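Reading through the structure tokens given below for one structure.
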Amino acid sequence: MCFSCPAFGPTACMMTSSPWSARRAFLLAAGAGAATPVLAQVDVGAASSLRKLVSAPALEQAAARQYQQMLSEAQARRVLVSRSHPSLQRLHAIARRLMVYAAPWNERARQWRWEVSLIDSAQINAFCMPGGKIVFYTGILEQLRLSDDEAAMVMGHEMAHALREHARERLAKTQGTHLALRLGAQLLGLGDLGQAAASFGGQLLTLKYGRSDESEADLVGLELAARGGFEPAAAVSLWRKMGQATGRQSGGPAFLSTHPTGPARIRELTQNLPKVQGLYEAARRGKAPTG
């Protein structure tokens, strides 16, 4: 049904398939939380402090419940792809190569139980919920005829949204003062803290990120994929395919309703390719880069 593994425990299954150790190559600035790792090659700055208005554990729990509900509904409709299916196995293999580089971007990722599921649907869509719950639709793989490198760019991008806590930040912004007051009351012992974030579970699949969120996810995802040994130039070919897909589906692909494409996006990715090319080449050689 899905792929689940404690990401960074002593027996973590994805560790053994990594071309080089994430801990040697990628360090986290002391006390920085979800800030940019000190050896990151892309520059996205520090994560927004607004996200602190929403409890991360509560939001991740809400996301896990929403994810399980989605899988149950998909299974009932017989559209949840079997774990043994080659397409899902392909996604698992890609995920194992990316997840080992997640924690430097967000220390909470060490505690996440990453999961990857595949739903049989013509929709061109994929997402990653808070806490590392990744969903792909068969449409994005089949209709765009994604190579492994391009699929890794999609996955890295979606993982980056979770690692940079964009949903947490976006919910804080949309709830505003009302949310701050509610959480303030919880912190003073006036109610159930989990209830506030739990009520947002249904919104997680419909959040629309801002352009700055998308830019961050593009660049962090690009670096994750490069460190995992995936060709950086695939980020450009991916978004060209996304742009071409805009007119092929009635109303446009679901993915592009929350991830708009365009020349500016491709231009920014192109400009950042040289920054991560060395990471890709080192990963392909099976050696840790020096910086």
Side-chain angles (χ1 to χ4, degrees), residues 7-8 12 14-29 34-45 47 90-106 109 114 116 126 128 132 134 136 140-141 144 146-164 166 213-242 259 261 264-291:
F8 295 96
M14 64 278 296
M15 275 296 192
T16 58
S17 62
S18 169
W20 43 275
S21 170
R23 288 176 297 184
R24 288 175 54 201
F26 210 15
L27 303 177
L28 189 70
T36 303
V38 294
L39 291 187
Q41 302 302 296
V42 297
D43 181 12
V44 293
R90 176 190 177 199
L91 292 176
H92 287 174
I94 292 170
R96 282 192 290 269
R97 290 167 60 178
L98 300 188
M99 290 174 187
V100 291
Y101 306 111
W105 291 97
N106 190 325
W114 291 92
V116 184
C128 179
I134 301 170
F136 269 66
I140 197 169
L141 298 174
L144 298 189
L146 296 184
S147 66
D148 284 355
D149 294 308
E150 291 167 337
M153 293 300 161
V154 174
M155 188 176 292
H157 176 99
E158 295 308 316
M159 287 172 60
H161 277 308
L163 293 169
R164 296 293 286 179
H166 290 157
D213 297 335
E214 289 299 311
S215 178
E216 284 187 12
D218 282 349
L219 299 185
V220 174
L222 175 66
E223 179 155 326
L224 286 171
R227 287 183 182 276
F230 294 99
E231 171 62 62
V236 174
S237 61
L238 165 68
W239 287 104
R240 284 177 177 156
K241 286 184 177 182
M242 287 290 185
H259 300 72
T261 188
R265 183 170 217 152
I266 292 174
R267 184 165 54 251
E268 183 178 35
L269 281 165
T270 300
Q271 291 170 349
N272 279 273
L273 294 183
K275 296 181 181 180
V276 300
Q277 187 65 29
L279 299 177
Y280 164 69
E281 293 171 359
R284 298 300 293 176
R285 294 194 303 268
K287 298 178 181 179
T290 58

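Computed from a prediction, not measured in an experiment: that's the story for all the values here. In this chain, residues are counted from 1 in sequence order.
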Interatomic distance, [X] atom [atom1] to [Y] atom [atom2] [nearest 0.5 angstrom]:
X	Y	atom1	atom2	result
W114	M159	CH2	CE	4.0 Å
R96	L91	CZ	CG	10.5 Å
M155	I140	CE	CD1	10.5 Å
Q271	I266	CD	CD1	12.5 Å
L222	Q277	CG	CD	9.5 Å
M153	E158	CE	CD	13.5 Å

Would E216 and H161 count as having a side-chain donor-acceptor pair, cut-off 3.5 Å? no
Residues in side chain to side chain donor-acceptor pair (under 3.5 Å) with D149, at least two apart? none
Contacts of type side chain to side chain donor-acceptor pair (under 3.5 Å), residue R267, not counting sequence neighbours: none
Looking at every heavy atom in both [X] and [Y], which two are closest together, and how far apart are they?
X	Y	answer
G229	Y280	O-CE1, 3.4 Å
A151	L141	CB-CD2, 4.3 Å
A225	A152	CB-O, 4.2 Å
L98	G156	CD1-N, 3.8 Å
A226	A283	O-CB, 3.8 Å
A217	H166	N-CE1, 4.2 Å

What I'd like to find out is whether the side chain of [X] reaches to under 4.5 Å of the side chain of [Y], using heavy atoms alone.
X	Y	value
K275	E223	no
W105	V44	yes
M99	I94	no

Would you find a donor on one side and an acceptor on the other, under 3.5 Å apart, between the side chain of [X] and the backbone of [Y]?
X	Y	answer
N106	A102	no
Q41	L39	yes
R265	W239	no

With side chain to side chain contact (heavy atoms under 4.5 Å, CB included) as the test, would you mind laying out the steps for V276 and L279 before giving the verdict? CA-CA 5 Å; V276 300; L279 299 177; 4.3 Å; yes
Check side-chain contact (heavy atoms from CB on, under 4.5 Å) between E150 and all other residues, then give those that pass, not counting sequence neighbours. L146, S147, A234, S237, L238, K241
Per side chain to side chain contact (heavy atoms under 4.5 Å, CB included), L224 is matched among V100, L219, L163 by L163
Is it true that D213 and R164 have a side-chain N and a carboxylate O under 4.0 angstrom from each other? no
Does NZ or CZ of R97 come closer than 6.0 Å to the centre of the six-membered ring of F230, within 45° of the ring's axis? yes
